[in-house]
Amino acid sequence: MPELPEVETVRRGLERWVVGKKFSQVRALHPRVLNPHSIAPLEVLEGARVKSVERRGKFLWFLLNRPETLVAHLGMSGQFLIQPIATGEVRHLRASFMLGSWGRSARQMQFIDQRTFGWLAVDQLQDGIPTLVQHIARDPFDQEFNRKAIIAKIASRKTQIKKALLDQSIMSGVGNIYADESLWRAKIHPESYCEELSNAQIGRVIDKARQVMAQALEVGGTSFDDLYINVNGESGYFERSLAVYGQEGEPCPRCGREIRRIIFANRSSHFCPTCQAR
DNA sequence: CAAACTACCTGACTGC
DNA sequence: TGCAGTCAGGTAGTTT
């Protein structure tokens, strides 16, 4: 599931392959690929040149040599692949962008998404951020991320810490996997109420979230080869470094006690009952 | 306004 | 072998 480290890995891969390229042909291939708020069909981007690829939290957008921007969200299963033009039928291909001019070395950027929770949109920029990303808070890697303000915001919430951590309008980038990992590292139970936690404890969760995502990004960054932009996040990191996510019944790497899984807010939460006592 | 809930989606897996 | 049921989960829209 693409969370911040996976989306940043995709952003870096895209940056390498599409910056400076022109979308010479654009095709939307599935009725739901276009976000309903898109101001135009994707095809209007034919002829646009990519200046940079930006990210906030789990949202990506392409700055173009035009006022409009192309926004992308990978949802649960979205992928971008850079491929040679003449490939056979691609399963779950939702949109394709031909890059540069036709020819033997021509490539295309494909948007592939099995579960169709991902989308693309043509959007306008408002203070440098697309309209569709305005409600998304800064992520912990943002230059202007305000740690103190985030602590205060979380502290005032009348809900449990894990829900606050997943709320993209407080701090963005964290999904279910890194939420569980951050809370384990900070030794805080996912169902702890925000108002019961000290500012130091909330600060610790935020710092651990940044730390675990930075480490995941390091691994993700090494796992893609030339033409393949890895977004499925299953390489390396998942197998080796997860302490609690998907580890129900396995020993806690810190204390050896069995990791537990509970259903909470319609999602699985994994934690160590000893290290993360309530 | 904030919190909680639900729809959206398809492939993999489980149990009978 | 088949089939129904369950699970995975990010976000937006709706309800409380």
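Residue numbers begin at 1 in each chain, while the letters A, B, ... track the order of the sequences. Remember, predicted model here, so these are calculated numbers, not experimental data.
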query = Which comes earlier along DNA chain B counting from the 5' end, the contact point of A:Y193 or that of A:R267, where each point is its nearest nucleotide?
reply = A:Y193
key: A:R32 CZ - C:dT11 C1' separation (whole Å)   = 15 Å
request  = Pick base, sugar-phosphate or nothing for A:N266, based on heavy-atom distances below 4.0 Å to the nucleic acid.
outcome  = base
task = May I ask you to test the A:E181-A:L242 pair for a side-chain heavy-atom distance under 4.5 Å?
result = yes
message = Rounded to whole Å, how long is the line connecting atom CG of A:D113 with atom C1' of C:dT11?
response = 13 Å
Distance, rounded to the nearest Å, where A:L74 contributes CG and C:dT11 contributes P = 10 Å
ask   = Is there a donor in the side chain of A:D113 and an acceptor in the side chain of A:S77, or the other way round, less than 3.5 Å apart?
value = yes
task = Measure from CG on A:D167 to P on C:dG10 and round the result to the nearest Å.
result = 13 Å
task = Measure the angle between the two terminal helix axes of the helix from B:dA2-C:dT16 to B:dC16-C:dG2, five base pairs each, and quote it to 10°.
result = 50°
Length of the CZ-P vector between A:R115 and C:dC7, whole Å = 14 Å
ask   = Does the side chain of A:K162 come under 3.5 Å of the side chain of A:S269 through a donor N or O and an acceptor N or O?
value = yes
inquiry  = Restricting to side chain to side chain donor-acceptor pair (under 3.5 Å), what partner residues turn up for A:E191, sequence neighbours left out?
reply    = none
query = Which residue, A:M76 or A:L132, contacts DNA chain C at a nucleotide closer to its 5' end, judged by nearest heavy atom?
reply = A:M76
ask   = Which word best sums up how the rings of A:H135 and A:F59 line up, parallel for under 30°, tilted for 30 to 60°, or perpendicular for over 60°?
value = perpendicular
query = So what does A:H30 hit on the nucleic acid, given a heavy-atom distance under 4.0 Å: a base, only sugar-phosphate, or nothing?
reply = nothing
message = Below the 4.0 Å mark, does C:dA12 have OP1 or OP2 next to a side-chain nitrogen or oxygen of A:H135?
response = yes
message = Angle between ring planes, A:F80 versus A:F111, binned at 30° and 60°: parallel, tilted or perpendicular?
response = tilted
task = Using chain A heavy atoms and a threshold of under 4.0 Å, write down where along DNA chain B the contacts begin and end, 5' to 3'.
result = B:dA3 to B:dG11
ask   = Any side-chain N or O of A:H73 less than 4.0 Å from the OP1 or OP2 oxygen of C:dT11?
value = yes
remark   = Nearest heavy-atom contact between A:P130 and A:V71 is CB-CG2, 3.6 Å
Under-4.0 Å salt bridge between A:R55 and A:D139 = yes
task = Could you state the atom-to-atom distance from NE2 of A:H270 to P of C:dA8 in whole Å?
result = 7 Å
ask   = Looking only at side chains, do A:R107 and A:Q83 share a donor and an acceptor under 3.5 Å apart?
value = no
